[in-house]
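A short write-up of the structure that comes next.
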Amino acid sequence: MKALVIDDSRVMRKIVSSALAPLGFEVVEASDGKEALDILASGVEVDLCCIDWNMPVMTGYEFVVEVRKNSYWRDITLMMVTTEGQHSQIVKALAAGAHEYLIKPFTPDAVKSKLQLLGLFVEEV
Amino acid sequence: MTVSLVEPSLDEAVFDDTVFFIAQEVFSAMIDPSDGALSLGSGSPVFSDVTFAWVDMLSTPRRRVMLSTERVTAFSVARALLAAGPDDNVSEADFEDAVGEIANVVGGNVKALVSDPGPLTIPKVSSVPPLDGVLLRQMHLLWHDRSLLISFWSYDESSGC
């Protein structure tokens with residue numbers, strides 16, 4: 001599994017990546033939505049995008065809208081990872097095509113739970 | 001984390017309880033999971049070498065959530081957030097990124113409690129405070145006996161704060 005972590009904060013990218021790595025994800029990072037789109041357009045194939053909302057250049061919401069315009073990327077799971085906890089924002093992101101929504105702060109267990117819900121991680125018994 | 005999406009007023013008790021809850025969540029999830037690491041302080045702390053980190057809500061009027069603390073404390077918080085070991089160097093860029101992200105997470109969660117907050121800005125970090133607005137509420141927190149102040153401000157866009 002490969003994940004694209006999109007956040008303008010290098011610290012937050014590191015934290016999200018650290019939560020994903022033990023779950024078996026190879027991680028690619030981007031610092032805004034535009035850079036993330038460029039990575040996808042270059043042919044890098046990912047299973048999951050973890051997307052911050054507020055970023056310079058291109059927001060996470062704009063990134064979700066752009067990804068959903070391209071049918072080639074329809075199988076990518078999009079999870080917002082953001083401080084934007086307003087109900088209206090959550091609804092807006094999900095309506096645009098995001099699959100899940102994780103509000104910062106979060107624990108590694110919360111990331112794992114979301115990925116289990118999305119079917120991207122199965123805990124071995 | 002779970003934060004009630006109820007708004008609306010700046011009822012002081014509700015605001016204080018909620019902000020303290022948010023701060024505890026931020027610290028326990030991202031910085032220091034030890035029990036009781038964060039507690040309420042009394043009075044207003046006096047800082048000498050201060051780091052300010054804030055995010056603004058582009059509402060009318062503007063609102064601001066700001067974290068203030070001694071620079072040495074901010075560095076300790078940043079090191080904890082980065083999981084930096086004793087020998088690890090933390091660059092100024094990483095320091096500002098880490099402290100700004102804490103303000104961003106606190107501010108973003110406070111935003112969920114406010115009516116018509118507008119978009120949230122990218123966090124700013126400085127040793128110089130932004131120009132004065134109207135202080136609405138502030139909360140003095142203690143992290144291992146070191147003071148942090150979370151404050152909530154209102155200002156007019158035209159004031160240039």
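In what follows, chains carry the letters A, B, and so on, assigned in the order in which the sequence lines appear, proteins first and then strands, with residues in each chain numbered from 1. Side-chain atoms are counted along with the backbone in the values below, which use heavy atoms only and exclude waters and symmetry mates.
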Is the number of heavy atoms from other residues, nucleotides or ligands within 6.0 Å of NZ (Lys112(A)) greater than 12? yes
Heavy-atom count around Glu45(A) CD within 6.0 Å, excluding the residue itself: above 12? no
Check Asn104(B) against Thr83(A) and note the closest heavy-atom contact, atom names and distance. O-CG2, 3.5 Å
At their closest point, which heavy atom of Asn54(A) faces which heavy atom of Ile122(B), and how far apart are they? O-CD1, 3.8 Å
Linked, directly or transitively: [X] and [Y] (ILVMFWY side chains, under 4.5 Å):
X	Y	value
Val125(B)	Phe52(B)	no
Met1(A)	Leu20(A)	yes
Val110(B)	Phe20(B)	yes
Val5(A)	Leu23(A)	yes
Ile15(A)	Val90(B)	yes

Of the listed Ala78(B), Pro117(B), Pro123(B), the one with the largest count of heavy-atom pairs under 4.5 Å with chain A is Pro117(B)
Just give me the residue among Leu120(B), Ile102(B), Val106(B) that pairs up with chain A most often, heavy atom to heavy atom, under 4.5 Å. Leu120(B)
Mind checking what makes salt bridge (Lys or Arg N to Asp or Glu O under 4.0 Å) contact with Glu100(A), not counting sequence neighbours? Lys114(A)
With heavy-atom distances below 4.5 Å as the criterion, would you say the side chains of [X] and [Y] are in contact?
X	Y	result
Glu25(B)	Lys104(A)	no
Glu101(B)	Arg10(A)	no
Pro105(A)	Asn109(B)	yes

With only heavy atoms counted, which part of Pro56(A) is less than 4.5 Å from chain B, the side chain, the backbone, both or neither? both
Does anything in residues 80-89 of chain B get under 4.5 Å of chain A by heavy atoms, and if so which residues? Leu81(B), Leu82(B)
